[in-house]
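Numbering of ligands and ligand atoms starts at 1, following listing order. The residues of the chain are indexed from 1 along the displayed sequence.
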Amino acid sequence: MIIIMQRGATEPQIEQLTQHLTSRGVRAERLTGKEQTVIGIVGGSGGYDITAMSAMPGVQEVVRVSSPYRLTSRAAHPEDTVITLPDGTRVGGDAPSIVIAGPCSVESEDQLRRTAETVRKAGVRFMRGGAFKPRTSPYSFQGLGFDGLELLKKVSREFDLFIVSEVMEPAHVPAIQEFTDIVQVGSRNMQNYPLLRQIGNIRKPVLLKRGAAATIEEWLMAAEYILAGGNDKVILCERGIRSFETTLRFTQDISAVPVIKKMSHLPILVDPSHATGRRDMVSSMARAAIAAGADGIMVEVHPDPDRALSDGAQSLTFELFEEMMGELVRVADAVNRPLLVDGYHYSPSGNRVPVAGLP
Ligand code: PEP
Ligand code: MN
């Protein structure tokens, strides 16, 4: 960190600042020019408050030199993080791009089984399904809770699917991780620090969704909490941010993909369902995500979206989901990040060709 003093800053002001820093155990090196003084801070852990320091008498500007996200930054870890699931399936780095698909909420065994079958037949290995739902209104369907997780476990075993499901409460983390292969932290909880700390204590992969109003730096700092706790299996998920544009539910920030790739080593997925809020926009935004270099996408799929208990408008019908997969596979091939499609391959025209029996 470098502190640039104002022209005309007085000696007592410079001295006060230097003492303030040394009292915090930081070594401050002073460089005095003809007109201005600059104080360089060597070492230190970044535990000081830059805003407070900028307001101290005589200070013109405080410039941060090293990034505050020590563990999530690319500088700290130049290689891409690749997360390996128990059967060897990999996410991130040069691994095939993944698709996570499933209903917004787990509603019934029939709904889940039909969705699982469709998802698995498309070669997809990851199924999502919310059991604990963060709903804007307290009067909306709140999810089936642990009964929903039991259903996810049962159906995922039947179809050999990895399960992604959300945890909302710190106290639920130990129990929910037993039901899931990837634990989701939702957008609304991106800055729920007690929850992030609990997630840092487990060793399951985590899908950390970006807060709708979070900057990339805030998002990486949220990931930092999890890594600092000792869990380095974090997958970021861009799910749309709030902007001045109101045509769609949110604005999908595609540039977050190359920005994250540059700033961090963590894998990043994109969720075009929540970003757009409309099923007719999902496929094109999924393709854009893969073309931009995302490590995968997450979409909502429902057997009867018009009757879904949550997020029906943005949920793909089975037909639209299969269509999306056919389109996505070609984009993924074109950018050299072929989709992970298990048990099937896709012909150059996007047709699904079975290569092995399904469970
Ligand atoms: C979800 O994945 O269903 C969800 C609630 O997402 P988000 O946290 O991004 O709104
Ligand atoms: Mn949803």
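Atom CG in Leu208 sits 9.0 Å away from atom SG in Cys237 (nearest 0.5 Å).
Closest to atom 9 (O) of ligand 1, if we only count protein heavy atoms, is Arg239 NE, 2.6 Å. Taking atom 8 (O) of ligand 1 as the reference point, the nearest protein heavy-atom neighbour is Ser187 N, 2.7 Å. Atom 4 (C) of ligand 1 has His274 NE2, 3.3 Å as its closest protein atom, hydrogens excluded (heavy atom only). For atom 6 (O) of ligand 1, the nearest protein heavy atom (residue, atom name, distance) is Lys209 NZ, 2.9 Å.
At a 3.5 angstrom cut-off on N or O pairs, Asp271 does not count as close to ligand 1.
Atoms of ligand 1 lying under 4.0 Å from any heavy atom of Arg188, numbered from 1 in the order shown and given with element: 7 (P), 8 (O), 10 (O). Short contacts between ligand 1 and Glu300, defined as distances under 4.0 Å to a heavy atom of the residue, involve ligand atoms 3 (O). Atoms of ligand 1 found under 4.0 Å from any heavy atom of Gln184, numbered from 1 in the order shown, are 1 (C), 2 (O). With ligand atoms numbered from 1 in the order given, ligand 1 contributes 8 (O) to contacts under 4.0 Å with heavy atoms of Gly186. Atoms of ligand 1 lying under 4.0 Å from at least one heavy atom of Lys133, given by number and element, are 1 (C), 3 (O).
In this structure, a donor-acceptor pair under 3.5 Å is absent between the side chains of Ser165 and Thr180. Arg249 and Gln314 share a donor-acceptor pair across their side chains, judged by distance under 3.5 Å alone. When only modelled atom types and interatomic distance are considered, Asp311 and His274 share a side-chain donor-acceptor pair under 3.5 Å.
Residue-level check: among N/O/S atoms of Asp311, OD2 sits closest to the Mn ion (ligand 2). Considering just the N/O/S atoms of Glu300, the one nearest the Mn ion (ligand 2) carries the name OE2. Restricting His274 to its N, O or S atoms, the one at the least distance from the Mn ion (ligand 2) is NE2.
Salt-bridge annotation for Glu117 and Lys121: present, with a side-chain N of the basic residue lying under 4.0 Å from a carboxylate O of the acidic one. The existence of a salt bridge linking Glu217 and Arg64 is confirmed by a sub-4.0 Å separation between a basic side-chain nitrogen and an acidic carboxylate oxygen. Between Arg113 and Asp110, none of the side-chain N atoms (NZ, or NE/NH1/NH2) sits under 4.0 Å from a carboxylate O, so this pair counts as no salt bridge.
For the pair Arg90 and Ile98, the tightest heavy-atom approach, listed with the atom from each and the gap, is O-CG2, 4.3 Å. Closest non-hydrogen pair, Arg279 versus Asp306, comes out as NH2-OD1, 3.5 Å.
Taking all heavy atoms of Arg128, Arg135, Glu166 into account, the minimum distance to atom 2 (O) of ligand 1 is reached by Arg128.
Residue-ligand proximity: Cys104 is placed with a non-hydrogen atom under 4.0 Å from ligand 1.
Between Phe146 and Phe179, the ring-plane angle classifies as tilted under the 30° and 60° cut-offs.
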